[in-house]
Protein chains: 2
Amino acid sequence: MSISAAKVGQRLCSAGATVLAEGQATTRVYVLLAGWAFRFKSLEDGRRQILNFLLPGDLLGLQGELLARLPHGVEALTPVNLCAFGSDAVPSFFRDHPGIALDVTWLAAHEERLVDDAVLTVGRRTAMERVAALLVHLFKRAASVGLVERDSIPFPLTQLHIADALGLSVVHTNRVLQRLRKGGFIRLEDQRLAIGDLGAMRRVGQYWEQPAPLRPLL
Amino acid sequence: MSISAAKVGQRLCSAGATVLAEGQATTRVYVLLAGWAFRFKSLEDGRRQILNFLLPGDLLGLQGELLARLPHGVEALTPVNLCAFGSDAVPSFFRDHPGIALDVTWLAAHEERLVDDAVLTVGRRTAMERVAALLVHLFKRAASVGLVERDSIPFPLTQLHIADALGLSVVHTNRVLQRLRKGGFIRLEDQRLAIGDLGAMRRVGQYWEQPAPLRPLL
DNA sequence: CGGGCATTTGAGCAAGATCAAAATGGGTGG
DNA sequence: CCACCCATTTTGATCTTGCTCAAATGCCCG
């Protein structure tokens, strides 16, 4: 029995669309099949913080399912294809398919690891370190789902997204990116990102995370 | 069948002790029975970020169990009493006790919600807002496990802990706390914290989180 | 009494924010 | 095909929040 047997439908969202609204009451669980998205929270006055980015294979909406109300929003960065499950999917996994339930929990633990990392980045890294660490992180993640092509990955984020993920202003983000470009650390153009020397970038970002072990689902 | 049936022992740690080491390879899962602790990550040069605080009823070590290597450390703030489980506890819950497995996942989702919040705080709130939000948060959490006594809760954190949780320097943390004290917002002395007007503090902290719904386990 | 940690205070500094405006660069409707 | 619009990126100038450095004070405990 694979997880896809419980699939009840698909959902498509276009780039920039709200996939799940912040604070939404009833939610379904989805698996991201294709495209990029991100989770975020905002303050009343509009300040926004991106929590983490979602790539194919990631689970969405689990918090809404378990916690009754979704405490964050989800927005698509590119056109996105979601695999939707029935409203009783989660409980039924736990009841009848312990292997899948464990996979779901694994995905939750994995995502928490990403967010733990985001706290460290935003709380203790300098602006330069933050940008470098994020770019390395995204590069590796994209690589792990097979998105590398001729040394570069698709990069659908704007500088605003980077700023909102790192707790920086757009202006400062822009200046840091320029330093990285002029230093020859990255090539970022045409919605694609290439990193010349991963080791060097890791060093500027103080970023030594090991890639996650094998991922379940899909 | 209650979760405590799977208990194989207890563990006591004294204040300041390392409960789980950062990067530790093999880990057990624990439930915190009494005392305060916190999860943290650090950078090579010693900069440390506290991810969240742990109170009685919280689960520890799940990430180590699922992800092979524990990506963060856990340290005791007060003397701490842990309920330990066997090494096969998690898989056996999923196999034989779906209700408990769901509770475990609920706890994971709940903790992620806390960390999501920490990212927002550290990334987008001002120093004053951060401190206020953290104090309100801790007050409510402590209250939810019945720690309020004569309007105040035990408060075992030093200013360094607050600083490390909020991505601030100790010096600045100190000045912010003084402003809150002189403004009559908080009373913080003798390891106890009282908040005069929760609504006012929420306002200065831009903090509107709703308390979590009912928690399982214990 | 002395050592070590935590808190407090002062002074100067700097990383990054803010404000403002110009340059780019598609994307679209006429 | 062109003109216009709007989002994004870039640049310059100035300001401020919060950091660093340094030292004093207070306090608990052996």
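Order of the sequence lines fixes the chain letters, A, B, ..., with proteins taken first and strands second; residue numbering starts at 1 for each chain.
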Table please: side-chain donor-acceptor pairs of residues 11-20 of chain B below 3.5 Å, with sequence neighbours left out.
unit_1	atom_1	unit_2	atom_2	d
B:Arg11	NH1	B:Val19	O	3.3
B:Arg11	NH1	B:Tyr30	OH	3.1
B:Arg11	NH2	B:Val19	O	2.9

- Task: Send over the distance from B:Asn174 CG to C:dT7 C1', rounded to a whole Å.
- Result: 6 Å
- Query: A:Val171 near the nucleic acid: base, sugar-phosphate alone, or nothing, with a heavy-atom cut-off under 4.0 Å?
  - Reply: base
- Here the distance between atom C1' of C:dA6 and atom CD of B:Gln191, to the nearest Å, is 10 Å
- Item | Side-chain touch B:Leu177/B:Leu135, heavy atoms, less than 4.5 angstrom | yes
- Query: Hey, is CG on A:Asp151 packed in by over 12 heavy atoms from elsewhere, all under 6.0 Å?
  - Reply: no
- Query: Where each residue is assigned the nucleotide of DNA chain C containing its nearest heavy atom, which of B:Lys182 and A:Arg179 is assigned the position nearer the 5′ end?
  - Reply: B:Lys182
- Query: Short question: side chain of B:Arg125, backbone of B:Gly205 - any donor-acceptor pair under 3.5 Å?
  - Reply: yes
- In whole angstrom, give the distance that lies between atom CG of B:Leu180 and atom P of C:dT8. 12 Å
- Nearest-Å distance for atom pair CD/C1', residues A:Gln178 and D:dT8: 13 Å
- Message: Using ring centroids (six-membered ring only for Trp), state whether A:Phe38 and A:His161 fall under 6.0 Å.
- Response: yes
- Item | For atom CZ of B:Arg124 and atom P of D:dG18, their distance in whole Å | 13 Å
- Message: So B:Arg181, base contact, sugar-phosphate only, or nothing? Heavy-atom distance under 4.0 Å.
- Response: sugar-phosphate
- Message: Quick check on DNA chain C: between A:Val176 and B:Leu177, whose nearest nucleotide comes earlier from the 5' end?
- Response: B:Leu177
- Task: Heavy atoms only: give me the nearest A:Phe139-A:Ile153 pair and the separation to one decimal.
- Result: CA-CD1, 3.7 Å
- Message: Expressed as a whole number of angstroms, how long is the span from A:Met128:CE to C:dA15:P?
- Response: 12 Å
- Could a donor-acceptor pair under 3.5 angstrom be found where the side chain of A:Arg130 meets the base of C:dG16? no
- Task: Report the C-alpha distance between B:Glu209 and B:Arg141 in whole Å, list the side-chain angles of each, state the deciding distance to 0.1 Å, and finish with yes or no for salt bridge (charged side-chain N to carboxylate O under 4.0 Å, His left out).
- Result: CA-CA 11 Å; B:Glu209 287 308 316; B:Arg141 281 206 73 200; over 6 Å; no
- Task: Sugar-phosphate means primed atoms, P, OP1 and OP2; the rest is base. With that split, encode nucleotides 23-30 of chain D 5' to 3' as B, S or - using protein heavy atoms under 4.0 Å.
- Result: --------
- Query: Measuring from A:Leu70:CG to A:Lys41:NZ, what's the distance to the nearest 0.5 Å?
  - Reply: 9.5 Å
- Paired with A:Tyr207, the side chain to side chain donor-acceptor pair (under 3.5 Å) test is passed by just one of A:Arg130, A:His137, A:Arg202, namely A:His137
- Item | Gap between atoms CG and P, on A:Asp45 and C:dT18 respectively (whole Å) | 11 Å
- Output the residues of residues 156-169 of chain B in contact with DNA chain D, where contact means a heavy atom of the residue under 4.0 Å from an atom of the strand; sort by number or write none. B:Gly167, B:Leu168, B:Ser169
- Item | B:Arg175 CZ - D:dG18 C1' separation (whole Å) | 9 Å
